[in-house]
**Q** 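Would you mind keeping the following structure in view while I ask a few things?
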Amino acid sequence: MGGPEIDHLIGLLARLPGMGPRSARRAALKMLQQPDARMLPLASALVEAARAIKTCADCGNLDSRDPCSICADTHRDRSVVCVVEGVGDLWALERAMVHHGLYHVLGGTLSALSGIGPEDLNVQSLLERIAEGEVREVILALGATVDGATTAHWLTDLLRPTGVAVTRVGQGVPIGGALDVLDDGTLAAALRGRRSA
Ligand SMILES: [Zn+2]
């Protein structure tokens, strides 16, 4: 339509979540109409973010520092660790300001269908954090999917010998639902309504 460079741009944009070819074309056009004001700032923000991004060795969050700003924050309650499937869930809980402890990102859930086993999940560093002795409660904030439930049961069994309290988020997480699409109020209710696992 507008030459190979623009087709390439639209192709890349169309692969982003929430975008399809139609919205990619609209976004590209909007940027191309104001290359200096819209496009170059976006391009340099992308480069800066790509260079700066690190995975926190303690919790698995994405941040420009390692340990991440949450793990490094001395005002947070280090005795409560909320286990989530992905960084998107962590960011959703942070946005909702419902958890004042630390997090742990599993990086997925057990899934026979997708061939994801215990060795594929970020669990070893969770056990190491618990072994350090500061953690008293682990909240399992996994999606209400079959895989989420399987993972929660497996983690509960795995953590039992450590002696920490293991709880699961309660009402509000819809069956089959992922955490990061919930509104803040529902997330808060789910966390408040947690019960022993
Ligand atoms: Zn961290």
Side-chain angles (χ1 to χ4, degrees), residues 49 52-110 116 118-145 147-197:
I53 206 71
K54 297 178 176 74
T55 299
C56 176
D58 291 342
C59 75
N61 187 20
L62 288 175
D63 200 323
S64 55
R65 46 197 278 205
D66 176 20
C68 71
S69 36
I70 295 173
C71 288
D73 183 349
T74 52
H75 295 103
R76 298 191 75 113
D77 182 355
R78 313 191 81 79
S79 69
V80 187
V81 174
C82 182
V83 174
V84 291
E85 180 179 337
V87 174
D89 301 318
L90 186 163
W91 288 3
L93 287 163
E94 273 304 284
R95 254 196 333 271
M97 294 187 292
V98 290
H99 177 60
H100 307 291
L102 301 180
Y103 293 93
H104 191 85
V105 179
L106 276 185
T109 48
L110 295 178
I116 300 173
E119 66 284 357
D120 300 311
L121 302 181
N122 177 27
V123 169
Q124 197 51 44
S125 64
L126 175 63
L127 294 171
E128 284 163 16
R129 291 171 78 183
I130 292 171
E132 284 166 17
E134 254 185 314
V135 181
R136 303 199 181 289
E137 179 183 358
V138 172
I139 304 171
L140 304 178
L142 303 170
T145 57
D147 289 345
T150 307
T151 309
H153 281 128
W154 170 73
L155 270 176
T156 304
D157 288 343
L158 188 77
L159 297 178
R160 190 165 289 127
T162 67
V164 296
V166 182
T167 55
R168 284 179 70 173
V169 293
Q171 316 86 348
V173 180
I175 299 300
L179 229 63
D180 67 352
V181 297
L182 299 179
D183 64 86
D184 296 357
T186 309
L187 272 176
L191 217 69
R192 264 199 315 272
R194 65 185 189 267
R195 49 195 156 58
S196 190

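Below, all heavy atoms of this structure are taken into account, side chains as well, without hydrogens, waters or symmetry copies.
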**Q** Where is the tightest heavy-atom contact between C82 and A141, given as atom of each residue plus distance?
**A** SG-CB, 3.7 Å
**Q** Under 3.5 Å, is there a donor-acceptor pair between the E137 and S79 side chains?
**A** no
**Q** Residues in side chain to side chain donor-acceptor pair (under 3.5 Å) with T156, at least two apart?
**A** none
**Q** Any side-chain heavy-atom pair from V166 and L155 closer than 4.5 angstrom?
**A** no
**Q** Hey, could you give me the OG/NE2 distance between S125 and H104, rounded to the nearest 0.5 Å?
**A** 3.5 Å
**Q** S69: which residues meet the side chain to side chain contact (heavy atoms under 4.5 Å, CB included) condition with it, sequence neighbours left out?
**A** D63, R65
**Q** Does any pair with a residue in residues 119-135 pass salt bridge (Lys or Arg N to Asp or Glu O under 4.0 Å), and if so which ones, sequence neighbours excluded?
**A** none
**Q** T55: which residues meet the side chain to side chain contact (heavy atoms under 4.5 Å, CB included) condition with it, sequence neighbours left out?
**A** L62
**Q** Can you tell me which residue among I70, V80, D77 is in a side-chain contact (heavy atoms from CB on, under 4.5 Å) with L102?
**A** I70
**Q** For D66, enumerate each residue passing the side chain to side chain donor-acceptor pair (under 3.5 Å) test, keeping only those at least two apart in sequence or located in another chain.
**A** none
**Q** Looking only at heavy atoms, which two atoms of A92 and L187 are closest? And how far apart?
**A** O-CD1, 3.6 Å
**Q** Which salt bridge (Lys or Arg N to Asp or Glu O under 4.0 Å) pairs, counting each pair once, include a residue from residues 148-164, with sequence neighbours left out?
**A** D157-R160
**Q** Can you name the residues that form a side chain to side chain contact (heavy atoms under 4.5 Å, CB included) with V138, not counting sequence neighbours?
**A** V83, I130, V135, L140, L159, V164
**Q** Applying side chain to side chain donor-acceptor pair (under 3.5 Å), name anything that partners D147, two or more places apart in sequence or on another chain.
**A** S111
**Q** Does any pair with a residue in residues 89-100 pass side chain to side chain donor-acceptor pair (under 3.5 Å), and if so which ones, sequence neighbours excluded?
**A** N61-W91, R76-E94, E94-Y103
**Q** How about L110 and P118: do any of their side-chain heavy atoms sit closer than 4.5 Å?
**A** yes
**Q** Is any side-chain heavy atom of L121 closer than 4.5 Å to one of I116?
**A** yes
**Q** How long is the span from the OG1 atom in T151 to the CG atom in L158, to the nearest 0.5 Å?
**A** 11.5 Å
**Q** I'd like to know whether L106 forms a side-chain contact (heavy atoms from CB on, under 4.5 Å) with V84, so could you lay out the CA-CA distance, the side-chain angles of the two residues, the decisive distance to 0.1 Å, and finally the verdict.
**A** CA-CA 6 Å; L106 276 185; V84 291; over 6 Å; no
**Q** Report the distance from atom SG of C59 to atom CG of L90, rounding to the nearest 0.5 Å.
**A** 6.0 Å
**Q** Give the minimum heavy-atom separation between A152 and L142, together with the two atoms involved.
**A** N-CD1, 3.8 Å
